[in-house]
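Nothing fancy with the numbering, it's 1 onward along the sequence.
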Amino acid sequence: MILYLILFIVAVGSQVLFLVSLVVLGTQSKVIDNFLELILIAYEPFIVLIANSFRFPGEGAMIEPVWIGISMGVVIYASLFGLLGLGARGLLKRF
């Protein structure tokens, strides 16, 4: 369980740091901005799920599903990374 929590925290931290740095650098360069768009494709299923599940009024419909969907994606991908780490550890213990 401790290994899972460590991997989860590392995965969340690295994703947040990576996304924030791409957003900040994306304002400086069009190439990095295009790269950010490619990275956000990984979070698109969560963004679409949130946009279709909730009715956001007005201008909130443009930005709120994106922030909530990316946050949800970060947590789910970090959980999967932690579970994969536990699975790999279990496989290595068998051999």
Side-chain angles (χ1 to χ4, degrees):
M1 189 64 176
I2 297 295
L3 176 64
Y4 172 77
L5 289 176
I6 291 171
L7 291 173
F8 178 81
I9 290 169
V10 167
V12 168
S14 62
Q15 286 183 76
V16 168
L17 182 65
F18 183 67
L19 289 171
V20 168
S21 64
L22 281 179
V23 168
V24 170
L25 294 174
T27 60
Q28 307 295 323
S29 170
K30 186 67 175 165
V31 174
I32 296 174
D33 188 42
N34 291 337
F35 183 66
L36 176 64
E37 291 176 13
L38 288 175
I39 296 297
L40 289 180
I41 290 173
Y43 299 101
E44 185 176 3
F46 305 109
I47 296 169
V48 172
L49 176 72
I50 295 296
N52 290 336
S53 298
F54 300 101
R55 304 243 185 248
F56 294 104
E59 293 178 4
M62 291 186 283
I63 194 68
E64 288 175 6
V66 175
W67 288 112
I68 296 170
I70 289 174
S71 301
M72 186 171 134
V74 165
V75 170
I76 289 174
Y77 287 142
S79 297
L80 290 175
F81 182 74
L83 290 174
L84 286 173
L86 285 178
R89 181 180 180 195
L91 286 175
L92 290 176
K93 280 187 173 182
R94 290 184 188 174
F95 296 110

Hydrophobic clusters here meaning ILVMFWY residues chained together by side-chain heavy-atom distances under 4.5 Å, can you tell me if [X] and [Y] are in one?
| X | Y | value |
| --- | --- | --- |
| Val75 | Leu5 | yes |
| Met72 | Val20 | yes |
| Phe8 | Val10 | no |
| Ile6 | Leu83 | no |
| Leu7 | Phe18 | yes |

Check: Are Asp33 and Lys30 close enough, and set up right, to give a side chain to side chain contact (heavy atoms under 4.5 Å, CB included), and what steps lead you there?
Finding: CA-CA 5 Å; Asp33 188 42; Lys30 186 67 175 165; 3.8 Å; yes
Item checked: Atom CZ of Phe35: over 12 foreign heavy atoms under 6.0 Å ->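 Count not over threshold, so no.
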To the nearest 0.5 Å, what is the distance between [atom1] on [X] and [atom2] on [Y]?
| X | Y | atom1 | atom2 | value |
| --- | --- | --- | --- | --- |
| Ile39 | Asn34 | CD1 | CG | 12.0 Å |
| Ile70 | Ile50 | CD1 | CD1 | 11.5 Å |
| Ser29 | Leu36 | OG | CG | 11.5 Å |

Next item on the list: Check whether any side-chain heavy atom of Ile68 lies under 4.5 Å from a side-chain heavy atom of Phe46, and answer yes or no.
Entry: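 No, too far: nothing below the 4.5 Å cut-off.
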Taking all non-hydrogen atoms of both residues into account, name the closest pair between [X] and [Y] and its distance.
| X | Y | answer |
| --- | --- | --- |
| Tyr77 | Ala42 | OH-O, 2.6 Å |
| Ala11 | Ser14 | O-OG, 3.0 Å |
| Gln15 | Val74 | NE2-O, 3.3 Å |
| Leu3 | Gly85 | CD2-O, 4.2 Å |

Checklist line | Worked check of side chain to side chain contact (heavy atoms under 4.5 Å, CB included) between Ile47 and Leu40 | finding: CA-CA 10 Å; Ile47 296 169; Leu40 289 180; 5.6 Å; no
Notebook entry, point to check: Going by the salt bridge (charged side-chain N to carboxylate O under 4.0 Å, His left out) test, which pairs reach into residues 53-64, not counting sequence neighbours?
Noted result: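 Sorted pair list comes back empty.
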Next item on the list: Kindly determine whether Leu84 and Phe81 satisfy side chain to side chain contact (heavy atoms under 4.5 Å, CB included), including the steps that lead there.
Entry: CA-CA 5 Å; Leu84 286 173; Phe81 182 74; 5.6 Å; no
Checklist line | Working for side chain to side chain contact (heavy atoms under 4.5 Å, CB included), residues Tyr43 and Val66 | finding: CA-CA 9 Å; Tyr43 299 101; Val66 175; over 6 Å; no
